[in-house]
Amino acid sequence: MAEKTETGSMTNFIYYMIKEDLEKGLLKDKCVHTRFPPEPNGYLHIGHAKAILLNYTLARLFSGKFNLRFDDTNPIREEQEFVDSIMADIRWLGADWGDRLFFSSDYFDLKYQFAVRLIEAGRAYVCDLSQEEIRDYRGTLTEPGKESPYRNRTVEENLELFNRMRNGEFPDGSRVLRAKIDMSSGNLNMRDPVIYRILHTPHHRSGDQWCIYPMYDFDHPFSDALEGITHSLCSIEYADHRPLYDWIVDNAVELFPEVVQFRSRQTEFARMNLTYTVMSKRKLRRLVEEKYVQGWDDPRMPTIAGLRKRGFTPDAIADFQERVGVSRAESTADLALLEHCIREELEITASRLMAVLDPVKVVITNWPSGQTEMAEMENIPGNESAGTRQVPFSGEIYIEREDFMEDPPKKFFRLAPGREVRLKGAYIIYCQEVIKDAGGNVTELRCSYDPQTKSGADTSGKKVKGVIHWVAIEHAARITANLYDNLFTIENPEEERDIDFTDNINPQSLVVCKDVPAEPAVAEAAPGSRFQFLRKGYFYLDPKSSAAGQPVFNRIVKLKDTWAKVKKKG
RNA sequence: UGGGGCGUGGCCAAGCGGCAAGGCACGGGAUUUUGGUUCCCGCAUUCGUAGGUUCGAAUCCUACCGCCCCAGCCA
């Protein structure tokens, strides 16, 4: 964990802004109140985690409240399945909304009433222009728009038409309700934005009660104000919606004072990107639909569900977010930082275990045949209270294929013909002979061990630089290990516009190792627990993929590997 | 050619007129029965650029440059 002050590292510009609001008494009698407003049309990803944790942590820091509110105003794209997955993900992250679970759709009736008041005040009108016409009338980025010919209908006519829209008398797309603001505004959002549209589509919560649905720009500020949200945090692309947000809130306070008294204020912050992955919902969906991954919760996905299945912890994700920080500048966080956070946590919490992912057999020629001896090993080095375990050692073992080189460079500290290496927790062995098959592949190493070199009781005076892990063949348990790596081969998979981002997919992003020999203690591992496979990385015993007697471990992250760097440099 | 936003080392990010925090990454060294961990040390004479104000500017002013967002009856 990063060093914590009383605020954690949550001292960003929003934190200071809220503090100032409090000092100036801007919140009146209210406490700080934030919200997370997901649309239930997809899975949450790590970028959402930033918003969730920011809103939740800010509320907690100021002893305020945090709402979960589903922004479910578009029944065409939204489903209960996503409501469920989103709640599960937020809960897992540790953001607690208490009893404040809300749905935008819960307020449809109040919103309708508010819309009526806008009409009565002459500030909204029913527009019969087609979708294409509205677009034409809107003007362009550089030219002002034109006023709709329906802009000056009488209040009575608007009221009647809006009521008939509600009653289902008109087909989809035939009419909309628009706010009457300013068709010549440089801000397109203010050019008489559509605030209600006709959608004869049943809603996942309100069923077929409504056939008109409010638009985000109308709905969101009103919902915020209604719930008494003091600080409505959103991403930076909404910055130019803020004048409209304020317009809606101001009108709600003025025209609907019996339900809206507080002026919520919107503050924007930059969304986060991550290296070696993509974050847009559209691209993530393609990865799923085109089967590049096995689902939204595939451990290679940057989704919360994917990170969870990979084995990341909520603490590591929160730590990561705090270290990344919050600002208004577009940013791409380094995956290495996320990896650092999970390693830092697991280094002191994960028990060690030995497994040989790519085994080669070693026969210890001078080992008393049939004999097994126990090697005592620490569960977590440097943490005595984590205890030790007994690992069986005998005359035939597996070691990692990459821990042997027939013709090694001088800096190679592991096993080679005529060289010695220590077997972690056991003895020093000496490589006498290399046995190969017809294809020249090493099939077996014949080594001798030095009885004087027993771990912890070494009287030989020998010093070896290399220590490798091993598994006794006779006692080996078998597991499946999913070796996950970055889903993309380059930091920014989207950087080259002329090629599809899927062309940058890493073909090695998943390597499945079956029948991996592991020390017998692996059989007692609890599903959902995390381990360090010595020298190989941190692994998560995936409860979803494992079956009785058939454990499946997902590699969360590799260990740092200085040797790999040395090798690369040559 | 309109509106909004952003530019501090490879990636984030503090800084708010007094002389560039911190983290990750990277490089070097020590310790180490994980080439892991830990521990030292190094890493922006400079803050997009150019002018100006000032005793003093990343911080104020001006101009310019670059990048991002906006023309859904999506959110």
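Every chain is numbered from 1 and lettered A, B, ... according to where its sequence line falls, protein lines coming before strand lines. For the numbers below, each heavy atom of this structure counts, side chains included, while hydrogens, waters and symmetry mates do not.
B:rC24 and B:rA58 have their C1' atoms separated by 23 Å, with the value rounded to a whole Å. The gap from the C1' atom of B:rC55 to that of B:rC12 amounts to 36 Å, rounded to the nearest Å. Here the separation of B:rG2 from B:rC43, taken at their C1' atoms, is 44 Å to the nearest Å. Comparing the same atom, P, in B:rC69 and in B:rG51 gives a spacing of 32 Å after rounding to whole Å. Across B:rG22 and B:rG29, the matching C1' atoms stand 23 Å from one another, rounded to whole Å. Taking atom C1' in both B:rG9 and B:rU46, one finds a spacing of 10 Å when rounded to whole Å. For the P atom pair drawn from B:rG66 and B:rA71, the interatomic distance equals 23 Å after rounding to whole Å. Comparing the same atom, P, in B:rC16 and in B:rC11 gives a spacing of 24 Å after rounding to whole Å.
Taking a pair to require two hydrogen-bonding distances under 3.5 Å in either a Watson-Crick or a G-U wobble arrangement, B:rU46 remains unpaired. A 3.5 Å limit on both hydrogen-bonding distances identifies no Watson-Crick or G-U partner for B:rA25. Base pairing analysis places B:rA13 opposite nothing; no Watson-Crick or G-U wobble pair with both distances below 3.5 Å involves it. When both pairing distances are held under 3.5 Å, B:rA71 makes no Watson-Crick or G-U pair with any nucleotide shown. With a 3.5 Å ceiling on both atom-pair distances, B:rU54 lacks any Watson-Crick or G-U wobble partner.
Classification of A:Asp450 and A:Lys462 as a salt-bridged pair holds, one side-chain N sitting under 4.0 Å from a carboxylate O.
Tested against A:Pro38, the residues A:Asp72, A:Leu68, A:Ile52 include a single side chain to side chain contact (heavy atoms under 4.5 Å, CB included) partner, A:Leu68.
Here A:His241 lies in heavy-atom contact (under 4.0 Å) with a base. Among the protein residues, A:Gln131 comes within range of the nucleic acid bases, having at least one heavy atom under 4.0 Å from a base atom. Counting any heavy atom pair closer than 4.0 Å across all strands shown, A:Val324 reaches sugar-phosphate atoms only and no base atom. At the heavy-atom level, A:Phe412 lies under 4.0 Å from base atoms of the strands shown. Within the nucleic acid shown, A:Ser185 has no heavy atom closer than 4.0 Å to any nucleic acid atom. Here A:Met215 lies in heavy-atom contact (under 4.0 Å) with sugar-phosphate atoms only. As judged by a 4.0 angstrom heavy-atom cut-off over every strand, A:Thr562 is placed among residues touching the sugar-phosphate backbone only. Residue A:Gly145 is out of contact with every strand shown, counting any heavy-atom pair closer than 4.0 Å. A:Ile134 comes within 4.0 angstrom of a nucleotide base, judged by non-hydrogen atoms across all strands. Within the nucleic acid shown, A:Arg77 comes within 4.0 Å of at least one base atom, counting heavy atoms only. Counting any heavy atom pair closer than 4.0 Å across all strands shown, A:Glu339 reaches no nucleic acid atom.
In this structure, A:Phe533 and A:Phe539 have parallel ring planes: the angle between them is below the 30° cut-off, well short of the 60° mark.
Using a 4.0 Å cut-off, no side-chain N or O of A:Arg414 falls inside it from OP1 or OP2 of B:rU34. Look at A:Thr332 and you won't find any side-chain N or O under 4.0 angstrom from OP1 or OP2 of B:rC11. One finds a side-chain N or O of A:Lys560 lying less than 4.0 angstrom from the OP1 or OP2 phosphate oxygen of B:rU37. The shortest distance between the side-chain N/O atoms of A:His469 and the OP1/OP2 oxygens of B:rU34 is not below 4.0 Å. For B:rC26, one of the phosphate oxygens OP1 or OP2 lies less than 4.0 angstrom from a side-chain nitrogen or oxygen of A:Lys565. Put simply, A:Arg352 has no side-chain N or O that comes within less than 4.0 Å of OP1 or OP2 on B:rU34. Distances shorter than 4.0 Å separate none of the side-chain N or O atoms of A:Arg197 from OP1 or OP2 on B:rG72. When the side-chain nitrogen and oxygen atoms of A:Lys281 are compared with OP1 and OP2 of B:rA75, none of them lie within a distance under 4.0 Å. In this structure, A:Arg343 does not reach the B:rG36 phosphate: none of its side-chain N or O atoms is under 4.0 Å from OP1 or OP2.
A:Tyr43 and A:Glu81 are linked by a side-chain donor-acceptor pair at a separation below 3.5 angstrom, with hydrogens and angles left out of the test. Between the side chains of A:Tyr107 and A:Glu227, at least one donor N or O sits under 3.5 Å from an acceptor N or O.
Rounded to an integer number of Å, the gap from A:Glu347 CD to B:rU32 C1' is 12 Å. Between A:Asp219 atom CG and B:rC74 atom P there is a gap of 13 Å when expressed in whole angstrom units. Counting to the nearest Å, the C1' atom of B:rU34 and the CZ atom of A:Phe413 are 14 Å from each other. At whole-Å resolution of the value, CD1 in A:Ile198 and P in B:rC74 are 12 Å apart. Nucleotide B:rG3 holds its C1' atom 13 Å from the CZ atom of A:Arg242, rounded to whole Å. The interatomic distance linking A:Arg328 (CZ) with B:rC69 (C1') rounds to 12 Å, in whole Å. Counting to the nearest Å, the P atom of B:rC12 and the CD1 atom of A:Ile46 are 15 Å from each other. Protein atom CZ of A:Arg191 is 11 Å distant from nucleotide atom P of B:rA71, rounded to whole Å.
Residue A:Asn187 places no side-chain atom within donor-acceptor reach of the base of B:rG4, judged by atom type and a 3.5 Å distance cut-off alone. Checked by distance alone, A:Glu143 brings no side-chain donor or acceptor within 3.5 Å of a matching partner on the base of B:rU1.
A cation-pi arrangement is absent between A:Arg343 and A:Tyr538 under the rule of less than 6.0 angstrom and at most 45 degrees off the ring axis. Cation-pi geometry between A:Arg153 and A:Tyr125 is not met: the NZ or CZ atom fails to fall both under 6.0 Å from the ring centre and inside 45° of the normal. For the pair A:Arg175 and A:Phe170, the cation-pi criterion (under 6.0 Å, within 45° of the ring axis) is fulfilled.
Distance check, rounded to the nearest 0.5 Å: CG of A:Asp219 to NZ of A:Lys111 gives 3.5 Å.
Base orientation of B:rG72: syn (glycosidic angle within 90° of 0).
Closest approach to the A:Val176 side chain among B:rG72, B:rC73, B:rC12 is made by B:rC73 (side chain taken as heavy atoms from C-beta onward). Closest to the A:Asp334 side chain, of the nucleotides B:rC11, B:rA13, B:rC74, is B:rC11. For A:Asp240, counting side-chain heavy atoms from C-beta on, the closest listed nucleotide (B:rU34, B:rG4, B:rU33) is B:rG4. When distances are taken from the side chain of A:Glu78 to each of B:rU33, B:rA75, B:rG36, the shortest belongs to B:rA75.
Of the two residues contacting RNA chain B, namely A:Tyr238 and A:Lys411, the nearest-nucleotide position lying further toward the 5' end is that of A:Lys411. If A:Trp563 and A:Tyr16 are placed on RNA chain B by their nearest nucleotide, the residue sitting closer to the 5' end is A:Tyr16.
Here A:Tyr216 does not lie in a stacked arrangement on the base of B:rA75, lacking the combination of planes under 30° and ring centres under 5.5 Å apart.
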Please evaluate residues A:Phe114 and A:Phe218 with respect to the criterion ring pair (Phe, Tyr, Trp, His ring centres under 6.0 Å), reporting the C-alpha separation (whole Å), side-chain torsions for both, the decisive distance (0.1 Å), and the verdict. CA-CA 10 Å; A:Phe114 174 43; A:Phe218 171 82; 5.4 Å; yes

